[in-house]
Amino acid sequence: IMIAFFFSRSLDGRGIGTTEIYDPTLNTWTAGPNMSSLGPYNTGSGTSNSGTPGMRYGHRMAMLPDGRVLIAGGLWRGADMVDYAMEDCEIFDPVGNTMTVGTSMNAPRGRFGLVDIGNGKFLAAGGLYYQAPNSIPAYYISTSDAEIFDATTNTWTSVAPLPHGMYDFAVASPAAGRVLIFDGFDVEGTEAGDILLYDDIFNTWTSVGTLVTSRSFPFSNGAHVAVDVGGQDFFLCGGAHYSESTGQTTFLTTGERFKY
């Protein structure tokens, strides 16, 4: 049986904390256990935990080597109607049909990249969070922070940051210990068309190319946007293109390929 989750953002933008499990044999969806994490949010003078447990969107998920599912980060709407990033993680166990709180990430992030890099390790990079200083105005920031989750030790370890903050990008692993990131929004909310490569052995990020058309992938799971069509030849299509000259966003129907 293949286990999957369906998470959504509610009509009021708060996100939901329920889960569903799909059985491809029976072609049915059944209710799964609810999430329980309640991410703290910064009110400008401290943190608060006022809200409904489990609600999140813009999070990422990955299948661990033992068949459990890691649910990491995401955005959570506070009582002040601001969407705050979470560092909270949860683990779904399909055998016991249970949800347990996992080890938190070192940095809160939503709409980020999470990818399996082999040997029970997973890279989380970039993302969006809300900066709420003691003085106003508060604003959203794209982070350059990156970290690796080790399923064997159940720990998150910070690694080399991205060259700049970014979010809503496509991500793929061309080989064990290596990660490709395709474009996405940067800290200013613009797109640069960057293609970046992370090397786990040297703990470095390197620019390896530029997209023909800069594009971001809002609210998608970036790990399923860039697809290896064979021989480390990656295809990605669609997305949103922002024109700095006109200030307009266009949804794309085009695709392009990148040979690693």
Side-chain angles (χ1 to χ4, degrees), residues 1-7 19 21-22 24 35 56 58-74 86-95 99-100 102-107 109-127 143-162 166-184 195-206 208 217 219-236 258 260:
I1 295 177
M2 184 171 120
I3 304 296
F5 287 82
F6 179 79
F7 297 98
T19 73
I21 302 170
Y22 177 70
M35 293 182 288
R56 69 173 83 195
H59 53 282
R60 297 295 181 255
M61 300 190 298
M63 181 75 75
L64 301 178
D66 60 5
R68 295 179 301 156
V69 179
L70 169 67
I71 305 165
M86 305 169 64
E87 64 265 36
D88 303 69
C89 296
E90 301 193 37
I91 304 290
F92 171 70
D93 185 344
V95 176
M99 190 80 68
T100 57
T103 304
S104 295
M105 293 187 290
N106 294 312
R109 63 185 84 226
R111 297 165 64 175
F112 59 102
L114 179 65
V115 63
D116 184 347
I117 62 174
N119 299 316
K121 294 183 177 181
F122 301 81
L123 175 74
T143 181
S144 61
D145 291 339
E147 51 190 301
I148 288 177
F149 178 72
D150 189 327
T152 302
T153 60
N154 194 36
T155 56
W156 288 95
T157 303
S158 296
V159 295
L162 291 160
M166 57 195 308
Y167 63 100
D168 284 351
F169 48 81
V171 60
S173 179
R178 293 196 168 190
V179 173
L180 284 170
I181 282 181
F182 300 90
D183 206 10
I195 302 176
L196 304 174
L197 174 68
Y198 175 74
D199 190 316
D200 182 39
I201 295 178
F202 297 102
N203 190 29
T204 55
W205 290 94
T206 306
V208 292
F217 304 90
F219 297 104
S220 69
N221 187 338
H224 302 292
V225 175
V227 177
D228 187 349
V229 296
Q232 297 178 323
D233 186 359
F234 292 90
F235 172 73
L236 67 163
F258 174 76
Y260 171 70

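Formation of a donor-acceptor pair under 3.5 Å by the Glu147 side chain with backbone atoms of Ala107 is found in this model. Between the side chain of Arg56 and the backbone N or O of Asp88, at least one donor-acceptor pair lies under 3.5 Å. Using a distance-only test at 3.5 Å, with no hydrogens or angles considered, no donor-acceptor pair links the side chain of Arg60 to the main chain of Gly73. In terms of modelled atom types and a separation under 3.5 Å, the side chain of Glu90 and the main chain of Met99 share no donor-acceptor contact.
Distance check: Leu123 CG to Leu114 CG gives 8.0 Å after rounding to the nearest 0.5 Å. With rounding to the nearest 0.5 Å, the separation of CG in Leu236 from CD1 in Ile195 is 8.0 Å. Taken to the nearest 0.5 Å, the CG atom of Asp228 stands 4.5 Å off from the CZ atom of Phe234.
Contact of the Trp205 side chain with the Tyr198 side chain is registered, since non-hydrogen atoms from C-beta on lie closer than 4.5 Å. Here the side chains of Thr206 and Leu196 are not in contact, with every heavy-atom distance at 4.5 Å or above. Using a 4.5 Å heavy-atom threshold, the side chains of Val208 and Phe258 count as touching.
Just one residue in the list Leu64, Ile21, Thr100 forms a side-chain contact (heavy atoms from CB on, under 4.5 Å) with Phe92, and that residue is Ile21.
What you find for Ala226 and Val171 is that their closest heavy atoms are CB-O, 4.4 Å. Taking both residues in full, the closest heavy atoms of Leu197 and Tyr260 are given as CD1-CE1, 3.9 Å, listed atom of the first, atom of the second, then distance. Cys89 approaches Met105 most closely through the heavy-atom pair SG-CG, 3.8 Å.
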Between Thr143 and Phe112, does a side chain to side chain contact (heavy atoms under 4.5 Å, CB included) hold up when you go through it step by step? CA-CA 9 Å; Thr143 181; Phe112 59 102; over 6 Å; no
Applying side chain to side chain contact (heavy atoms under 4.5 Å, CB included), run through Asp145 and Asn106 and close with a yes or a no. CA-CA 9 Å; Asp145 291 339; Asn106 294 312; over 6 Å; no
Report the C-alpha separation of Ile71 and Thr19 in whole Å, then their side-chain angles, then the decisive distance to 0.1 Å, and conclude whether the side chain to side chain contact (heavy atoms under 4.5 Å, CB included) test is met. CA-CA 11 Å; Ile71 305 165; Thr19 73; 5.7 Å; no
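For Thr153, the side chain to side chain contact (heavy atoms under 4.5 Å, CB included) partners are Asp150, Thr155, not counting sequence neighbours. Under the side chain to side chain contact (heavy atoms under 4.5 Å, CB included) criterion, Thr103 pairs with Asn154, Trp156, sequence neighbours left out. With sequence neighbours left out, the salt bridge (charged side-chain N to carboxylate O under 4.0 Å, His left out) criterion links Asp199 to Arg178. Applying the side chain to side chain contact (heavy atoms under 4.5 Å, CB included) criterion to Pro161, with sequence neighbours excluded, gives Ser144. In this structure, the salt bridge (charged side-chain N to carboxylate O under 4.0 Å, His left out) partners of Asp233, at least two apart in sequence or on a different chain, are Arg257.
Within the structure, no pair that satisfies the side-chain hydrogen bond (donor to acceptor under 3.5 Å, both in side chains) test touches residues 116-125, not counting sequence neighbours.
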